[in-house]
*Asks:* 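What follows is a single structure, and I will ask about it in a moment.
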Amino acid sequence: MLKELINHLAEPIVSFPIATFLFYLMIKHYKTFGSKKFATWFTILSIPVLIFFFADPNFYLIIKTPDNVPIGILLVLVAFFTWFTMHKAAINDTRMEQGLEPVEAMPENREKVWSWPNLVYTELFAIIACTAFLVVWAIVFKAPLEESANPTWAPNPAKAPWYFLGLQEMLVYFDPWMAGVVLPVLIVAGLIAIPYIDTNPKGNGYYCFKDRKWAIISFMYGWLILWVYLIIVGVFLRGPNWTFYGPFEYWDFHKIVAEFNINLSEFIWIKGLGIGMPKNLVVREIFGIILTIAYVGFIPVWVARATSFGRKFYIDLGPIRYYLFMTLVVVMMSLPIKMVLRWLFSMKYIIALPEWELNL
Amino acid sequence: MAGNGLAKKVRDTQVWKSIFRHGPPDNARNRAAVIAGNVFLHLHPIKLKKSGVQLGYTWCMGGLTFFIFLALTVTGLLLMFYYRPTAEYAFNDIIALREHVPLGIMREIHRWGAHAMVITVWIHMFRVFMTGSYKPPREFNWGIGVILLVLTLLLSFTGYLLPWDQLAIWAITVGSGMAKATPFMGNAGPGAMLARIGDFVMVSDKNDVRFQLLGGRFVGEPALLRFYILHCVFIPLVVGVLIAVHFWRVRKDGGISAPL
Amino acid sequence: MSENNKEPGMAYNMSKLHKVMAILSFIFFVTTIWVFLDDYMRPWKGYQVEALKIQRRHLDAKIAEASKNIDANKLADMKARLAKGEEIVASRKEQITKAEKEKSAIAAKIKAQSIVNGILNGKVGASNFGFETAEAHHEVKAVEKNFKNLAELKVAFYKGKDDLKAYQAQLKEVENKIADLNKEVFDTQKEIKDITNILELLKMAHAQTDISPVFALRNLPFIDFMDPTIKIRQIVVNNLVDDRYFRQVPKVDRCITCHTFIDQPGFEKEVNPFKTHPRLDEMVGLESKHPMKQIGCTSCHGGEGHRVNDFTTVAHMPDSEKQEKEWIQKYSWKEPHHIPSPMLPKSQTEASCVKCHQGVELVPGATVLNEGISAMEKYGCFGCHKIEGKQHKRKVGPSLLKIAGKVNKEWFKSWVWEPRSFNKHTKMPAFFRQSNNSKPEFVKLNIAEVNAMAEYIYDKSKPYEPNEKYHGGNAEKGKELISQIGCLACHGVDGLEDQSNAVKAYTGPWLSGIGSKVSPDWLVSWIKKPWHYQEDTVMPSLRLTDPEAQDIAAYLLTLKNKSFEELKFSPLDKKDRDWLLADYLSAFDTNASAAAKVAKMDDREKTLDLGKRSIGKYGCFSCHNIEGFDGYAPIGPELTKEGSKPITQFGYGIQHDVGNTRGAWITAHLQNPRRWDIGIDKVFRDLQLMPNFYMSETEAKKITVAILGQVSDPIPLAGVKRYTAGEEVYNDGMKVAYKYGCVNCHKIDGLRGNILNMYLDDINQGPPRLVNEGHRVQANWMYHFFGNVQPIRPWLKVRMPSFNLSTEDKNRLVAGFQLGAKQPTVVEPAEFVKWLPGEREEAVKLFNAYNCVSCHAIGFTKETPLAPNLYKASERLRPSWIKLWLKNPQNILPGTSMPSFFGENGTEPSEPSYFGGSAEKQIDALAKYVVELGLKEGAK
Amino acid sequence: MSDTKLALNRREFFSYVTVGWVMFSAACAGLGAMAFRFSYPNVNFDPEMEFLAGLPGDFPSGVDERFKATFGVWMVKQEGKLIALSNICTHLGCIPNWLPAELKFKCPCHGSGYYMSGINFEGPTPRPLERFKIGLQPDGKIKVDKTKVYRWEKGEWENPDSFLNV
């Protein structure tokens, strides 16, 4: 029963809001989250949970797959370092609230020390540890090797390498031109643009949260929820036919999920207006087109004009930076929006123009 | 540690002196000389702020990424002795590495190292963001870093095909399938159907970006060769150059970031 | 530019630097353009443009023809009708708009319903899965819940489906209605299209040959990666391979890049490379046995099929000096270098057939090759040169085991010395008096050798006494007999030169000077019963009566060679003999001790020893049975892979005028094998030995083709011609048929039948042609026929001989024919004759109506029969063949005197009043009747 | 040092610089284009995706299985239209059977069923079978091009290249 509940909770339709909510809690109470006490309790509590999880044969089967091991490692590291940054930020923020400098700026930490042996040895230790780790990893887990290549028979599911599974998961909601091309390009471009958008001079060279709240929230949300979370779903929870399978669910080939998605135009013309689909493509999709233009073009303007924090942003950043930033945010948020639309309304495409290979 | 008998004798030889131009790094002068006089170590500054050497601050993820890159280069070079990128042999050669090549475990190290590098480079970026180290004067170097991250993914992706098993070709089929949808440049992308005059199809599966990447319409032998060359020569060269730029800029932009 | 312009700290004037930069950049830029153009200009592109023009010309002609075929009046009429129809339809505009509206309303309903159905479909599937999983896990509650849910869903689902079907039916109805409303227009449009369709297609094809801006754009440098129309075309033949350093790589032929129309009929009159391949039904064509996509080009033609850029490097080879000159002028052709197997010149292409067609005597359709193989058989090349698959060939010369009983020793020596001086047609080659052994000191040694060989052979010869006596006969009658009964199928005969030259027989010797060669008694006994003298001879008996044999002998004995009779051969010079022996022995010994060993032998021993060594040296045993040479290996090099032998391994001596190709060397070698010794100072024992056959150039070239096909190219199992079990047996049977010369008289399945050249006026006077003979005759009958030949066609002068066949050979022949025709061994004729009621009576009438007995007279009338005995038919023929034969005999044997009663297709009986005019029933009835005749005869 | 001379020098100076660098950039771009063009081979060895299917008159109404084994195509003639239907089940890629008695394609793996037109009507399959490009050559023979696929759910079956009027 508990397992079924967890299976159910893991479904993206449930787990995504949960993850978002947890993210909100973490940000809201980052000092609690960043405390050693939290870490200790979390670790202690997670041990029985992990044992419970690992005891399940279906979960164990997936987690021990050699190619899934790096994701496990990634998870542990991400969890630890997320806590760790928050821990450090909490300390620094508390210090700064008290009018002190951050830890990194304390005189004893500003002191200049010799690279030899301080730095060189640290590096050497890291290298040795890393090498040892890699060797052990290589001994314990054989690199995967499946049947010889056979172009006439595709394994099911056919998955991309794990670091691209976030993109593949996006394919559920977007067509390849968006999920595979536009979004990745925007991610890279957005990352490169970060220093030019974020003109906040504070927080350079030390951990903190308060000084650069919005920067950290946007980045962490993209990184943790829209990237790492989607990878986890793609790796562990997507089985044959890219159908969802709970962590304790057996990957039954024949699983069918009731899913029939409808385009916005169909919604409006058929369900709403009750007349047939117009022949002209642009007319047919006019609502979607208007909506999209409004979303990308209108929302940033509206935010800048109508909301107080938007106005502040606009003034702080200046028009170019502001619109650049807002476009990126709007595009980034299109993914969760599309997800929600799918779950609530079985929405397939906002703009459905398969004739032009232009679906959105 | 001017040392006793033998060690001192060795240090006094002309050969030793020709290699190491300074005494043991137990005093300020020699500590500086170790770093400055060594082509590899002089990547580092002679002295740096204490926060910069604290693992708690740097996590050493950038350094590890670079080290894993070097480890991958070495293991990769060695693997090339046994691996032939042809449809007939690729799979058999991987089997050979698994079954009978002495220390064929090199392949496991190479593969897991590749995954580890993806992870370390991501976490490196995470750390750099969290410490705000992309801020002026380090904007440009952050950009280089992002490009290096993308190249790391591409390196891993191109290497994924080489074992030439089902996992490989279908992962690449799925992955490269996205290129088909590139607007205006992929045959299934928006706008592709505009690029035609009569029966002259300018963007088709015979000439789009995916074809260029794979050297064919399917993941076939030409794709194997192309990915091999990209994986072993082309991308590593670019990465090497960019790493040099990255390091150079770290030094020129004031070393590891610290509070202003 | 004064010094003043220089800034401090500058070594050069800036403007000067810019100038240099500009000049270098310009050069750089030009080279970049140059390299693009250099890459772009490829000779094959010109051919494709030319091909486009040719195609355009052809399409122009076709369009003109197609337009002519369209009846302009009719078209105009239709167009008028169309206009009228449009008017009518326009008057129904309101109805049509209404219907269209109705249609879109239904379409909307369908769309809505399919969404509903889609959702239901998904739910049913998911719910079903939930139900099944629950049941599998025995979760009773969940099962119940799911089951109920599923049942409800299914009701809705099926209802939805029904609704959809109803809507679809409505849609179809409306569509039909709309179509009906537009009927006049649609129908006429369709009619117009039916007429103009071909023309439209041709016009479309024509448009594709336009040299338009789009065409230019598609083939522009750099852009031509997108979708060029001018491109390299290739055939990848996975079944056949090229050999690349121990690895077999699938063959890739790009010849069709320039040979654009090679597989398309209609371009026969164009010049190369735009010509259609000859005989498309046999080669290259899609439906031929050798389709281009499965066989490729270079598998037959040789050369470098994967190259496209240079006429020379693909290794085109000219067929003649004229062509060579033409090519040099046209294509700057050079002799290809660094190419192991250049293309075969056109006349030698047939050589490649041998690669795949192995284990057969001849390859149907390969005229030159077959003539080459036949010539090799004639000269007995296989005796001295081993060729895989040809080891079964008999020795072409007569046995010398009883030679002393046939010719005298003096004649023998002179013959061996120079066979042509006795018989200018002989196949026996000349070993002596050749270009490399005509020096007096060599001639002396040769004389010693000939003497010694004769001594050896006569020493070993067994005694022979003829079993017949010659009493004298009528030479004129004999000559006539020879020309009529079939001797000429195997022998050319002096005095009958015209016929002999027409037949070109070679199985037996050309009969010349017989009177000067053998004794009359020997001759009579030989022609009456050849195997009395030589058990394994292929010479058959023609069942000659005594007077016939005497007459023939009489004629042959008139053929004399007086001058040869008078020759006296130089006696054995003992010194030469001893020298030769010592020369042999000194190979393993010092000269002195060799001489000492020779000195120890006695005189006779020395002669016989030299004789045996000489026979071994010249390889006489390869063609003649000679005692003491069992198990001796052939003396010539093996030719199985001669066609792949590197050209550097061919010894040219100083013969620089011979072309530097395998073919040229082999042809030259065949015409004068000793030529490579010319101008080279060799000792006696190193001289070239291959004898001179005095071949004509044509003959040598044909043999060259046959030898060039012997290549080492490995042909993968998937690509080689594989014979069925039946075909294998047939091929084996053919080996017997070719050995005994059956094919000299009978044209078997279209091959050989040399003697038929004598009967060009009336082919029915010659021996019958055998087409699918295993189907025609019963296996049993054939077997017994070989053992006891009975004339079937008594009106023929030419006789089926009686061969001295072994049981095994008879069986091979019979099985070969039978299985080659895929027939069972036994057919029970009685089974076949099962009359329907009243059928037999009508059959008799029909038999009389067609007047069969007017030719098949035997047993019916006293007329001279012109066709075989029908009473023997059931014993001899297979009923199914009789039917096939009756249907249309011309199909089987063109030119036969048997009339085609049923027309060309075998469906139109010339006597339609019987059996309701059904050809099939008539044929069936006649066949039954004929078979029944024989059964009755058998009963008698 | 007159002004005119200086102006001349300037113009000269300017033009040489422009010509030099424009040429240089163009040439470099040209070399880059070369590298790009180099990556598209002039021949390739992909399996054959086109075949000639004889004359339209060769096909009786109904499903023709002549090209199923060799090219994976059913030729279906129905209501005056000839189509080239892919024989890959859109569910999991098995190969359905043609059941002439029931006038349907039935996949033996998971029971998906399709009408003669290729439309799915039963079983787990999500969408209809795919159609291939079909057209006439000038010599009247049918040419089927498997590189171009027409999918019903994209509304592509209306495309005139997806069927042949006979």
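Because the structure is a prediction, the values reported are computed rather than measured. Letters A, B, ... are given to chains in the order of the sequence lines, protein chains preceding strands, and every chain is numbered from 1.
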*Asks:* If you round to the nearest 0.5 Å, how far is CE of B:Met193 from CH2 of A:Trp356?
*Replies:*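 Going from CH2 on A:Trp356 over to CE on B:Met193, the span is 9.5 Å.
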
*Asks:* Could you look at A:Ile139 and say if it's the side chain, the backbone, both or neither that has a heavy atom under 4.5 Å from chain B?
*Replies:* both

*Asks:* Is the shortest heavy-atom distance from the side chain of B:His115 to the side chain of A:Trp137 under 4.5 Å?
*Replies:*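 B:His115 reaches A:Trp137 side chain to side chain.
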
*Asks:* By a 4.5 Å heavy-atom criterion (distance strictly below it), what part of B:Leu194 contacts chain A: side chain, backbone, both, or neither?
*Replies:*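 Contact with chain A involves no heavy atom of B:Leu194 at all.
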
*Asks:* Does any non-hydrogen side-chain atom of A:Phe81 lie less than 4.5 Å from one of B:Arg127?
*Replies:* no

*Asks:* Pick one of side chain, backbone, both or neither for A:Asn200, based on which atoms fall under 4.5 Å of a heavy atom in chain B.
*Replies:*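 Interface part for A:Asn200: both.
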
*Asks:* Write out, in numerical order, the residues from residues 145-155 of chain B with a heavy atom short of 4.5 Å from a heavy atom in chain A.
*Replies:*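 From residues 145-155 of chain B, the residues near chain A are B:Val146, B:Ile147, B:Val150, B:Leu153.
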
*Asks:* Test side-chain contact (heavy atoms from CB on, under 4.5 Å) on B:Met130 and A:Tyr207; report intermediate values, then the result.
*Replies:* CA-CA 6 Å; B:Met130 291 317 287; A:Tyr207 292 96; 4.1 Å; yes

*Asks:* Which word best sums up how the rings of A:Trp223 and B:Trp122 line up, parallel for under 30°, tilted for 30 to 60°, or perpendicular for over 60°?
*Replies:* perpendicular

*Asks:* Would you call the rings of A:Phe219 and B:Phe126 parallel, tilted or perpendicular if under 30° counts as parallel and over 60° as perpendicular?
*Replies:*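 Aromatic pair A:Phe219/B:Phe126 classed parallel.
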
*Asks:* Using the test salt bridge (charged side-chain N to carboxylate O under 4.0 Å, His left out), find all partners of B:Lys135 that sit at least two apart in sequence or belong to another chain.
*Replies:* A:Asp198

*Asks:* With side-chain contact (heavy atoms from CB on, under 4.5 Å) as the test, pick out the partner of B:Pro259 among A:Glu101, A:Arg110, A:Met106.
*Replies:*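 It is A:Arg110; the other options fail the test.
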
*Asks:* What part of B:Arg138 lies closer than 4.5 angstrom to a heavy atom of chain A: side chain, backbone, both or neither?
*Replies:*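 For B:Arg138, the side chain is the part near chain A, not the backbone.
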
*Asks:* Which of the residues B:Thr131, B:Leu64, B:Val53 is involved in the greatest number of heavy-atom pairs with chain A at under 4.5 angstrom?
*Replies:* B:Thr131

*Asks:* Counting distance only, does the side-chain N/O of B:Trp142 pair as donor-acceptor with the main-chain N or O of A:Leu191 below 3.5 Å?
*Replies:* yes

*Asks:* Is there side-chain contact between B:Phe129 and A:Ile216, with heavy atoms separated by less than 4.5 Å?
*Replies:* yes

*Asks:* Pick one of side chain, backbone, both or neither for A:Val188, based on which atoms fall under 4.5 Å of a heavy atom in chain B.
*Replies:*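 Both backbone and side chain.
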
*Asks:* Can you confirm whether B:Leu103 is buried at CG, in the sense that more than 12 heavy atoms of other residues, nucleotides or ligands lie under 6.0 Å from that atom?
*Replies:* no

*Asks:* Measuring only between side-chain heavy atoms, which start at C-beta, is B:Val118 closer than 4.5 Å to A:Trp162?
*Replies:*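 Result yes, sub-4.5 Å side-chain heavy-atom pair found.
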
*Asks:* Would you say A:Phe133 and B:Trp112 make side-chain contact, with heavy atoms under 4.5 Å?
*Replies:* no

*Asks:* Side chain from CB out, backbone as N, CA, C, O: work out which of these in A:Ala215 comes under 4.5 Å of a heavy atom of chain B, or both, or neither.
*Replies:*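 A:Ala215 touches chain B through backbone and side-chain heavy atoms alike.
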
*Asks:* Are any non-hydrogen side-chain atoms of B:Arg31 and A:Pro117 less than 4.5 angstrom apart?
*Replies:*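 When only atoms from C-beta onward are counted, A:Pro117 and B:Arg31 do touch, with a gap below 4.5 Å.
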
*Asks:* Of all residues at least two apart in sequence or in a different chain, which pass the salt bridge (charged side-chain N to carboxylate O under 4.0 Å, His left out) check with B:Arg111?
*Replies:* A:Asp67

*Asks:* To the closest 0.5 Å, what do you measure between CG (A:Leu145) and CZ (B:Arg98)?
*Replies:* 5.0 Å

*Asks:* Non-hydrogen atoms of chain A under 4.5 Å away: do they reach the side chain of B:Phe157, the backbone, both or neither?
*Replies:* both

*Asks:* Under a 4.5 Å heavy-atom cut-off, does chain B meet the side chain of A:Thr82, its backbone, both or neither?
*Replies:* both

*Asks:* Chain A: which of B:Ala171, B:Ala168, B:Ala32, B:Pro190 shares the most heavy-atom pairs with it under 4.5 Å?
*Replies:*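 Most heavy-atom pairs under 4.5 Å with chain A: B:Pro190.
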
*Asks:* What residue, out of B:Ala192, B:Gly63, B:Ala181, B:Ala179, has the most heavy-atom pairs lying under 4.5 Å from chain A?
*Replies:*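 Of the candidates given, the most pairs with chain A belong to B:Ala181.
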
*Asks:* With distance as the sole test, does B:Glu108 use its side chain to make a donor-acceptor pair with the main-chain N or O of A:Lys142 at under 3.5 Å?
*Replies:*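 Not confirmed, B:Glu108 side chain does not pair with A:Lys142 backbone.
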
*Asks:* Tell me every residue that passes salt bridge (charged side-chain N to carboxylate O under 4.0 Å, His left out) with B:Arg217, counting only those two or more places apart in sequence or in another chain.
*Replies:* D:Asp46

*Asks:* Checking A:Pro184 against chain B: side chain, backbone, both or neither under 4.5 Å from a heavy atom?
*Replies:* neither

*Asks:* Verify side-chain contact (heavy atoms from CB on, under 4.5 Å) between B:Cys60 and A:Thr122, making sure each step is shown before the conclusion.
*Replies:* CA-CA 8 Å; B:Cys60 203; A:Thr122 326; 5.7 Å; no

*Asks:* Tell me, side chain or backbone of B:Ala90 under 4.5 Å from chain A's heavy atoms, or both, or neither?
*Replies:* neither

*Asks:* Under a 4.5 Å heavy-atom cut-off, does chain B meet the side chain of A:Lys112, its backbone, both or neither?
*Replies:* both

*Asks:* Kindly indicate whether the side chain of A:Phe80, heavy atoms from C-beta on, has any atom under 4.5 Å from the side chain of B:Ile123.
*Replies:* no

*Asks:* Would A:Tyr206 and B:Tyr57 count as a close aromatic pair, with their ring centres under 6.0 Å?
*Replies:* no

*Asks:* If you measure from CD on A:Glu123 to CZ on B:Phe66, what distance do you get to the nearest 0.5 Å?
*Replies:* 10.0 Å

*Asks:* Any side-chain heavy atom of A:Asn118 within less than 4.5 Å of one from B:Lys50?
*Replies:* no

*Asks:* Once you round to the nearest 0.5 Å, how far does CG of B:Asp165 lie from CG of A:Asn150?
*Replies:*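 It is 11.5 Å, given to the nearest 0.5 Å.
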
*Asks:* Is a side-chain N or O of A:Tyr163 found less than 3.5 angstrom from the main chain of B:Ile119, in a donor-acceptor match?
*Replies:* no

*Asks:* A:Met220 versus chain B, heavy atoms under 4.5 Å apart: side chain, backbone, both or neither?
*Replies:* side chain

